[in-house]
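For reference, the structure discussed in these notes is given below.
This is a predicted model, so every value here is computed, not measured. Convention: sequence-line order gives letters A, B, ...; per-chain numbering from 1.
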Amino acid sequence: MYQYILKRVLLTIPTLVGAAALVFLLMRLIPGDICLVRLGGGGASFDPKALAACHAEIGVDRPMIVQFLEFMWGAARLDFGTSMWSGKPVITEIAARLPISLEIAILATVVAVSIAIPLGTISALKQNSWLDVLVRVFAIGGIATPSFWIGIVSILLVLDISGAITGRPWMPPIDYVPLWKDPIRNLSMVLLPALTVGYRYAAVSMRMTRSAMLEVMQEDYIRTARAKGLVNKLIINRHALKNALLPIVTLIGIEFAFLIGGLVVTEQVFNLNGVGRLFVQAVQNQDYTLTQALVMLTVAVFVFTNLAVDLLYGWLDPRIRFN
Amino acid sequence: MRLCSIALSLILGFCLSARAAETPKRGGILTYMIAADGGPSLDGHKETTFAVLHATAPFYSTLVRVNPDNPSSTTDFVCDLCTEMPAPTDGGLTYTFKILKGVKFHDGSPLDAHDVAVSWRRIVSPPPGVTSARQNSYLMVDKIEDPDDETVIFRLKFPTLSFMPALADPWAFIYSRRVLEKDQHFYERNIMGSGPFKFDSYEIGQSIRGVRNPDYYHAGQPYLDGFHGIFAPKQQTRVDAIRADRAALEFRGESPPARDLLVKELGDKITVQESDWNCGNVFTPNHMRKPFDDVRVRRALFMAVDEWNGAKALSKIAIVRTVGGIVFPGSEFAATKDELITMPGFGTDIEKSRAEARRLLKEAGAEGLSFEMLNRNVDQPYIIVGTWLVDEFRKIGVNVTQKIVPTGPWLESMRAADFSVAMEANCQMVVNPIADTGRYLPHAIYSENFAYHDDPKQVEIYNKMVRETDPAKARVLMRDYERQVIDIGAHQLPTLWFYRIVPMRSYVKGWKISTSHYLNQNLANIWLDQ
Amino acid sequence: MSTTVADPDAIDLRPPLLSRALRFCRRQPLGTFGLALVLLIAITGIFAEELAPYNPTANDFAAMTEAPSLDHWLGTDQFGRDLLSRIIYGARTALIVGLSSAFVGGSLGLVLGVGSAYFGGMIDMIMQRVFDIVMAFPLIILALAIVSIFGTGVQNVIIAITIPLIPRCARVVRSAALVIREVPYVDAARACGFGAPRIILRHMVPNVMAPFLIMVTAFVGQAILAEASLSYLGLGVQEPVPAWGLMLQGGAEEYASTAPWIAIFPGVAIMLSVLGINLFGDALRDTLDPKLRDR
């Protein structure tokens with residue numbers, strides 16, 4: 001078991017290093033210049049000396065290898081330098097936006113899991129009934145529809161319906177307050193995006209729950225349990241669900257890792273000052289340091305979530321636990 | 001029906017602003033949106049993105065400015081920190097300003113002529129390590145003197161009509177010299193000015209807040225208790241927010257369908273102000289690339305464009321409206337319709353123009369021409385204008401695809417001359433026709449013009465025009481200059497001029513729209529009728 | 001999901017293709033419906049020139065944002081372009097993007113996954129890490145890099161979408177192939193001196209076909225959705241090319257209240273296509289997975 005854990009942990013290192021190298025290279029392949037965008041983006045003219053000064057200030061006039069080593073060394077110490085766009089430390093920029101993204105991610109997960117597992121189980125148990133069909137259509141709707149479209153439509157529906165009912169159209173607040181300062185305002189801002197992201201998440205998890213349960217219900221030991229005369233509910237909870245949990249948990253873990261990608265589009269739609277929107281800004285501004293840090297963050301989330309799932313898998317699956 | 005509502009709101013808007021006799025009410029917090037993500041730093045001398053200006057202008061004073069009660073005038077400049085507008089002396093070479101007494105910075109320290117001089121020197125000739133983004137506009141300034149606490153003297157190298165508009169630059173914040181002496185980069189991270197509002201808080205990427213400055217030197221102002229500026233780059237969010245009254249307005253401008261929707265939904269709760277905008281797109285062929293080095297090909301492309309009908313249609317869906325040449329249409333230096341229609345792109349018989357275009361292409365051996373147009377990935381109006389042009393060219397048998405890229409690669413491709421044809425941006429602030437049209441000069445002289453052409457005659461006309469102090473004669477030279485750019489040389493074609501549409505909640509009073517979204521943003525004369 | 005190992009040298013006792021197909025239709029009505037949708041879209045895309053009433057990129061300023069009418073069955077957009085024609089041509093773009101990405105991504109994933117499983121050891125470990133890196137890497141950066149360097153256009157969008165699909169396919173294929181690697185007759189084949197290519201092609205690949213096919217059908221749907229998201233961010237196909245994702249961006253949001261058909265119909269088109277693909281894929285999986293087959 002320990003060998004399993006150690007091996008898994010060590011394997012994350014080359015992944016992280018490889019991702020760092022890739023993002024460093026990729027960003028510098030993109031033509032364009034953050035100083036140009038900063039000075040010339042408005043369309044008016046600017047002084048060429050200002051351009052040179054800007055380059056010197058952010059350090060892009062140094063040789064590539066120097067920049068790369070500085071980045072790698074900094075990354076190892078979790079020091080990602082300062083944003084080329086704003087000059088503030090990268091950590092500050094990210095920390096300011098992390099709370100809302102985390103809130104949405106967690107809320108979306110809660111929504112997804114609390115919908116997916118019960119509905120998926122019922123759907124599996126009552127296969128091909130009208131309930132099953134309903135659940136499956138609901139699930140496929142979540143997978144087939146672009147999430148930003150759902151977001152756009154939901155904001156408009158809320159506006160129109162609230163306007164029609166109360167005469168004053170309502171929309172979630174557009175500026176963020178932390179949960180502890182004003183919970184109602186905070187939740188009203190986060191709810192719609194969390195539901196939008198959570199819908200797709202729930203849909204995928206629901207389908208996996210359904211198929212995992214279906215497979216498990218086929219197993220011989222379930223048939224034996226039924227033959228033994230066990231109550232159905234007991235069979236489901238004690239035997240079926242527990243064994244089906246393995247692939248379900250794996251999928252939920254993997255999908256959580258992909259959430260950050262989903263956040264990018266959602267935060268655009270709902271005008272949320274989160275990590276996803278920061279990502280888009282950093283990339284479009286060609287802010288190397290900030291983009292590199294954000295990519296490392298995304299990759300780290302992905303890698304460590306997978307690690308956690310692997311470890312959980314190892315613990316849940318007795319074949320691995322007891323070697 | 002919709003037309004009636006729009007007309008009604010426009011009339012309403014004008015009536016309300018004309019009722020200057022209405023007494024402003026004090027109090028209230030103005031919540032407005034800034035149509036972009038937060039800018040890089042907070043230093044007005046260094047930055048160029050309007051997001052920074054909309055966030056910081058309320059905190060600072062300038063020496064002179066566009067008249068806040070008449071901001072769409074191109075000649076009405078008034079004092080902010082000075083006592084009266086000076087007449088130039090020494091044959092137009094010297095401008096002497098007297099500074100108001102008793103002005104204080106927000107930290108309590110006094111503001112005098114020395115602060116004004118130090119700030120302006122920072123703009124005109126920045127010390128090493130300091131960036132002044134608009135340094136190029138002040139090449140005519142020779143010296144700035146501050147002989148005593150009340151006087152600032154600007155000495156020019158040559159007299160020119162373009163100095164005063166340049167001086168009224170909204171970015172020319174007056175900083176404290178004591179602060180600058182300690183740290184030249186203080187203002188990049190911090191705000192400390194002498195303007196109508198004091199700094200309250202700034203949440204990165206989110207919003208900025210200011211509170212009233214009780215010691216503001218313009219008595220009675222500001223009327224607001226404070227303001228709250230929220231960054232909201234997506235248009236749909238802004239429109240929804242105004243509908244739901246999460247914010248009162250956004251100052252840059254919205255698209256015509258957004259205005260139509262708000263007027264339809266909110267009726268008289270919405271006021272719309274509209275104005276021509278000192279911004280436009282310029283269709284620029286790369287003269288260094290075949291076949292765009294052939295004047296016939298360039299002229300043919302210009303002739304394929306029907307600016308008049310395009311304006312009619314596009315003004316319904318995009319933030320463009322007015323057909324004009326290289327000069328801002330509202331200025332005395334602008335061409336009249338009669339002067340325009342003789343130039344390619346501006347003719348009134350489009351079939352005839354297009355036939356001529358085809359003939360020119362054939363003569364130049366460029367029939368069936370096909371190329372890629374570089375454009376910026378901003379919907380309003382770049383992509384819309386680009387899509388319109390693609391179809392115009394299709395009508396003369398030219399097949400065009402758009403290469404739409406983000407701002408960085410767009411600028412980079414143009415600087416590297418790595419394109420066939422590009423949609424350039426041409427945005428200026430205070431209307432300064434002679435300075436503004438300098439952007440059409442050859443690349444060797446004006447480095448941000450990416451046509452990469454040569455035209456000694458054009459340069460000659462321009463140099464004469466810059467030094468001409470008689471407006472009537474300058475206008476004649478301007479017509480020659482314009483003809484050289486669009487017709488004789490067929491170097492670049494200005495496409496439709498932008499149009500500013502600012503819908504706002506009707507309780508917002510006092511603010512008047514101007515020709516540039518950079519102007520009149522210190523919020524001092526705004527009040528809320530609530 | 002488990003796989004049974006089939007010996008490719010055994011006699012094929014299965015019934016002929018046509019009756020298998022008919023049995024599929026009977027047993028999987030939803031899947032057949034899905035397939036019908038997919039075929040409908042395919043035909044629309046292929047015969048776009050014949051089916052579309054107007055030129056999809058011709059601006060018509062006299063008919064801007066018109067509601068659905070007899071002239072324009074699905075209305076017009078803000079440039080006056082006929083929406084029905086744009087959706088029909090959009091089907092072609094969706095097909096091209098979807099099929100190309102899925103096919104190229106799937107094939108490369110198949111080769112890399114099986115190869116990685118077969119060779120094992122250090123090669124396998126390195127490939128696994130490469131898969132991890134590419135899977136973890138955010139799509140938006142990849143797409144932005146490709147768009148900025150190579151420009152926009154359908155083929156660059158395909159490249160951008162294909163790259164993340166490769167490791168996903170490789171992973172699944174690899175775990176299926178790993179099961180087969182240890183089977184006795186493969187050992188025997190190796191002992192007989194059969195080369196790696198023969199073993200891979202004749203023994204391993206056929207047995208990973210089932211999960212592979214299911215992945216590829218899922219990919220087509222994911223590629224269409226990815227194109228929609230990228231276009232929404234401005235990194236996908238560009239104006240005036242008709243593509244469903246692009247039609248949902250920009251103009252659609254602005255006119256969502258006043259001219260909702262601009263946003264609704266492309267969204268419905270995407271939904272129906274991905275729905276059809278998913279239903280068909282589900283049914284395919286149910287058919288190919290023997291454990292679930294007899295239910």
**OP:** If a pair satisfies side chain to side chain donor-acceptor pair (under 3.5 Å) and one of its residues is in residues 90-105 of chain C, list it, with sequence neighbours excluded.
**Re:** C:Glu49-C:Arg92
Original post:
With respect to chain B, which residue among C:Leu235, C:Thr57, C:Asn59 yields the maximal number of heavy-atom pairs within a distance under 4.5 Å?
Top reply: C:Asn59
**OP:** Among the options B:Val405, B:Thr387, B:Val239, B:Asn377, pick out the one with the most heavy-atom pairs lying under 4.5 Å from chain C.
**Re:** B:Thr387
**OP:** Can you tell which part of B:Lys234 gets under 4.5 Å to a heavy atom of chain C, answering side chain, backbone, both or neither?
**Re:** side chain
Original post:
Taking non-hydrogen atoms and a cut-off under 4.5 angstrom, which of residues 240-256 of chain B neighbour chain C?
Top reply: B:Arg243, B:Ser255
Original post:
Is it true that B:Glu392 and B:Lys395 have a side-chain N and a carboxylate O under 4.0 angstrom from each other?
Top reply: yes
Original post:
Highest number of heavy-atom pairs under 4.5 Å with chain C: which of B:Asn309, B:Asn375, B:Ile317, B:Ile384?
Top reply: B:Ile317
**OP:** Let me know if B:Leu374 has heavy atoms under 4.5 Å from chain C in its side chain, its backbone, both or neither.
**Re:** neither
**OP:** Could you check C:Ile88 against C:Glu50 for side chain to side chain contact (heavy atoms under 4.5 Å, CB included), going step by step and ending with a plain yes or no?
**Re:** CA-CA 10 Å; C:Ile88 289 176; C:Glu50 286 77 22; over 6 Å; no
**OP:** Taking all heavy atoms of C:Leu83 and all of C:Phe265, pick out the closest pair and write down the distance.
**Re:** CD2-CD1, 4.1 Å
Subject >> Residue pair B:Pro494 / B:Phe346: nearest heavy atoms and the distance that separates them >> reply: O-CZ, 3.9 Å
Original post:
How close do B:Asp306 and B:Arg354 get, heavy atom to heavy atom, and via which atoms?
Top reply: CB-NH2, 3.9 Å
**OP:** Determine, using ring centers only, whether B:Phe419 and B:Phe450 are less than 6.0 Å apart.
**Re:** no
Original post:
C:Tyr54 and C:Ser85: which non-hydrogen atoms are nearest, and at how many Å?
Top reply: N-OG, 3.0 Å
Original post:
In a check of side-chain hydrogen bond (donor to acceptor under 3.5 Å, both in side chains) between B:Glu274 and each of B:Arg259, B:Arg500, B:Arg321, which one passes?
Top reply: B:Arg259
**OP:** Pick one of side chain, backbone, both or neither for C:Asn55, based on which atoms fall under 4.5 Å of a heavy atom in chain B.
**Re:** side chain
**OP:** Check whether B:Gln402 gets within reach of chain C through its side chain, its backbone, both or neither, counting any heavy atom under 4.5 Å.
**Re:** both
Original post:
Between C:Ala259 and chain B, which part of the residue has a heavy atom less than 4.5 Å away: side chain, backbone, both or neither?
Top reply: neither
Original post:
If you look at every heavy atom in B:Phe292 and B:Ser420, which pair is closest and at what distance?
Top reply: CE1-CB, 3.7 Å
